[in-house]
Amino acid sequence: MADIQDREYVRLAEAALDALFDQYAAAGPADKWQLKPAITKATEELLSARLALFKEGVLTTPADLDAIRQLKQDIDRAADIQTSILAAVKLAAMLGAFV
Amino acid sequence: MRPVMKAICLLALALPLAACTPEKAEALVAAVKAFEAKSNEALDAYEALFQDYGEIRNESQDVLFQQAYAAVAQRGAGSPSFSDAVQMVGTLKSTRQNTTIENEFREIRTAYMLLGSAYDSLPQGSALGARHVSCGRSAVAKLTLQLVNFASDVDQDPLYPTALRETFAEFKKVAAKGDQSLAQRQFDRFYTGVAGYEARHAEALRLTLAAVEQGRKLDGLLARYDDVTLSGLLGAIQYGFTFAGTLKGVDPATASSRLQATKAELDASPYWQRVEAVPLASIAECATTER
């Protein structure tokens, strides 16, 4: 079974994805075209992480939680679409490390 | 009438009440198959929830054209790559994602299938070996506990579809612009989507509770198999179906609290704590070495 830390990690990842969807919704057509592939990849990795959590739990550390909290802040503060794309790619990579 | 129910009814009619071991074995196979069937119904419900969790809404062809056109106009012809374009337009990615979910659930279902197949040959045998009962009991208990854990995971962190996240983000953008009419439409879509998800979520919990009840009954029967009568076995299977019927119409909050109560009860029991430590791989051993 997943522990409290794993659950917190997934909730933070979902909040980070929500922030990316907010930026996608607010972006112009050209920026949307650029941002969507990275968001799609992050969504895929989130699905895999949730499947792993469902089956047997994942092993997150306090450092992982700090990293994803920091990433969520980076997304919230992103000043341009390139920063958002980079954050989405980082989110996908972080989630991908747990499956 | 479902095949398992047919088998139970036929057994009830055909077998004498004072049953000998082969008939008890036949009834036990029916009980195991009933547990397998109920578990599969619950797993189907979770698989569908995961499909929606991982699915991003596709933009229409018109919207994609506007985005690609704007990207080229803004950044020049070298900007949108061919691979980005096919990823945006094509459907291979989502197909791969669905396959991932199917593969994961196929792996989960294999254990339930192995349990069912482990008992297939029993009625042809003259006696039910003590080791077989013990091995089967461990497998049933492990899979029952696994179902409780699956339901608990989804109930703690619901799998709201990703499309709902997109819809809510769009609602916020429109509301921030002050377009109340469009915001209302977006919010209605969001509201309906949440209600739709929660109905399916509750149904998955109800199906799990029914499968868990069947599993716990079966576990109890296997614990005292030598003393159980044929009618006792058939009654237990019948009870499983009656119990499932009582869950119809149970609201999401009640289903959730019943699940939590079941989990707390199992977590506090030394027997179920030992079951938690049993490796899933032992089910495959049970199926291959005990036949």
Side-chain angles (χ1 to χ4, degrees), chain A residues 1-58 75 80-82 84-85 88-89 92 95-96 99, chain B residues 46 49-51 53-56 59 63-75 79-81 83-85 87-88 93-94 96-97 100-101 103-105 107-108 145-146 148-150 152-154 156-157 159-160 162 165-174 176-177 263 267 276 280:
Chain A
M1 270 300 281
D3 66 17
I4 293 168
Q5 191 168 270
D6 295 336
R7 300 207 164 280
E8 178 65 10
Y9 187 84
V10 166
R11 283 169 197 163
L12 284 166
E14 286 178 342
L17 189 64
D18 287 341
L20 287 167
F21 279 128
D22 286 343
Q23 288 172 4
Y24 180 83
D31 288 344
K32 278 185 170 162
W33 179 267
Q34 279 209 305
L35 184 54
K36 190 68 176 273
I39 290 184
T40 303
K41 181 69 183 161
T43 306
E44 280 174 12
E45 296 297 349
L46 181 59
L47 169 71
S48 297
R50 276 304 306 255
L51 277 168
L53 200 67
F54 181 74
K55 279 176 72 185
E56 55 217 25
V58 293
I75 295 170
D80 56 48
I81 207 71
Q82 294 305 327
S84 298
I85 293 168
V89 170
L95 289 165
V99 292
Chain B
Y46 291 116
L49 295 184
F50 270 104
Q51 298 283 4
Y53 181 79
E55 196 166 306
I56 285 193
E59 303 287 10
V63 169
L64 285 172
F65 164 73
Q66 283 160 20
Q67 291 181 3
Y69 185 83
V72 174
Q74 199 177 89
R75 298 189 181 86
S79 174
S81 68
S83 65
D84 279 349
Q87 193 182 327
M88 299 278 275
K93 278 254 170 193
S94 59
R96 254 201 313 274
Q97 200 161 317
T100 304
I101 298 168
N103 287 344
E104 294 286 358
F105 275 86
E107 199 184 302
I108 292 169
L145 194 58
Q146 183 174 253
V148 173
N149 288 337
F150 285 163
S152 176
D153 172 72
V154 170
Q156 284 185 68
D157 290 304
L159 293 162
Y160 287 106
T162 296
R165 298 179 184 282
E166 296 178 86
T167 302
F168 192 62
E170 283 161 11
F171 157 75
K172 285 191 282 184
K173 185 196 86 173
V174 173
K177 278 186 178 170
K263 181 160 171 53
D267 285 349
E276 180 83 63
L280 259 181

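In the text below, chain A, chain B and the rest are named by the order of the sequence lines, each starting its count at 1.
Heavy-atom pairs under 4.5 Å with chain A were tallied for R75(B), K172(B), E170(B), K173(B); the largest tally goes to R75(B). Counting heavy-atom pairs closer than 4.5 Å to chain A, the top-ranked of the candidates E166(B), Q66(B), E107(B) is E166(B). The most heavy-atom pairs under 4.5 Å with chain A, out of D157(B), L64(B), V154(B), I56(B), come from D157(B). Comparing M88(B), Q87(B), Q74(B) by how many heavy-atom pairs each has under 4.5 Å with chain A, the most go to M88(B). In terms of non-hydrogen atom pairs under 4.5 Å with chain B, the most contact-rich of K41(A), E44(A), K32(A), Q23(A) is E44(A). Of the listed residues K177(B), Q146(B), E104(B), the one with more heavy-atom pairs under 4.5 angstrom with chain A than any other is E104(B). For the options T100(B), V174(B), I108(B), D84(B), heavy-atom pairs under 4.5 Å to chain A are most numerous at I108(B).
A donor-acceptor distance shorter than 3.5 angstrom exists from the side chain of T40(A) to the backbone of K36(A), with no hydrogens or angles considered.
Ion pairing of D153(B) with R50(A) is present here, as a side-chain N (NZ or NE/NH1/NH2) and a carboxylate O approach within less than 4.0 Å. For the pair R165(B) and D22(A), the salt-bridge criterion is not met [side-chain N within less than 4.0 Å of a carboxylate O].
Both the backbone and the side chain of L46(A) come within contact range of chain B, each with at least one heavy atom under 4.5 Å from a heavy atom of that chain. Looking at Y46(B), only its side chain comes within 4.5 Å of chain A, counting heavy atoms on both sides. Looking at E55(B), neither its backbone nor its side chain comes within 4.5 Å of chain A, counting heavy atoms on both sides. Neither the backbone nor the side chain of V63(B) comes within contact range of chain A; no heavy atoms are under 4.5 Å apart. Using a 4.5 Å cut-off between heavy atoms, A85(B) contacts chain A through both its backbone and its side chain.
Ring-plane geometry between F65(B) and Y69(B) is classed as tilted, the angle between the planes lying from 30 to 60 degrees on a 0 to 90 degree scale. Using the six-membered ring where Trp is involved, F54(A) and F150(B) have ring planes that are parallel, under 30° apart on the 30 and 60° scheme.
The two residues L17(A) and A42(A) have their closest heavy-atom pair at CD1-CB, 4.2 Å.
Residues F171(B) and F168(B) place their aromatic rings such that the two centres sit under 6.0 Å apart.
Rounding to the nearest 0.5 Å gives a distance of 8.0 Å between OG1 of T162(B) and CG of L47(A).
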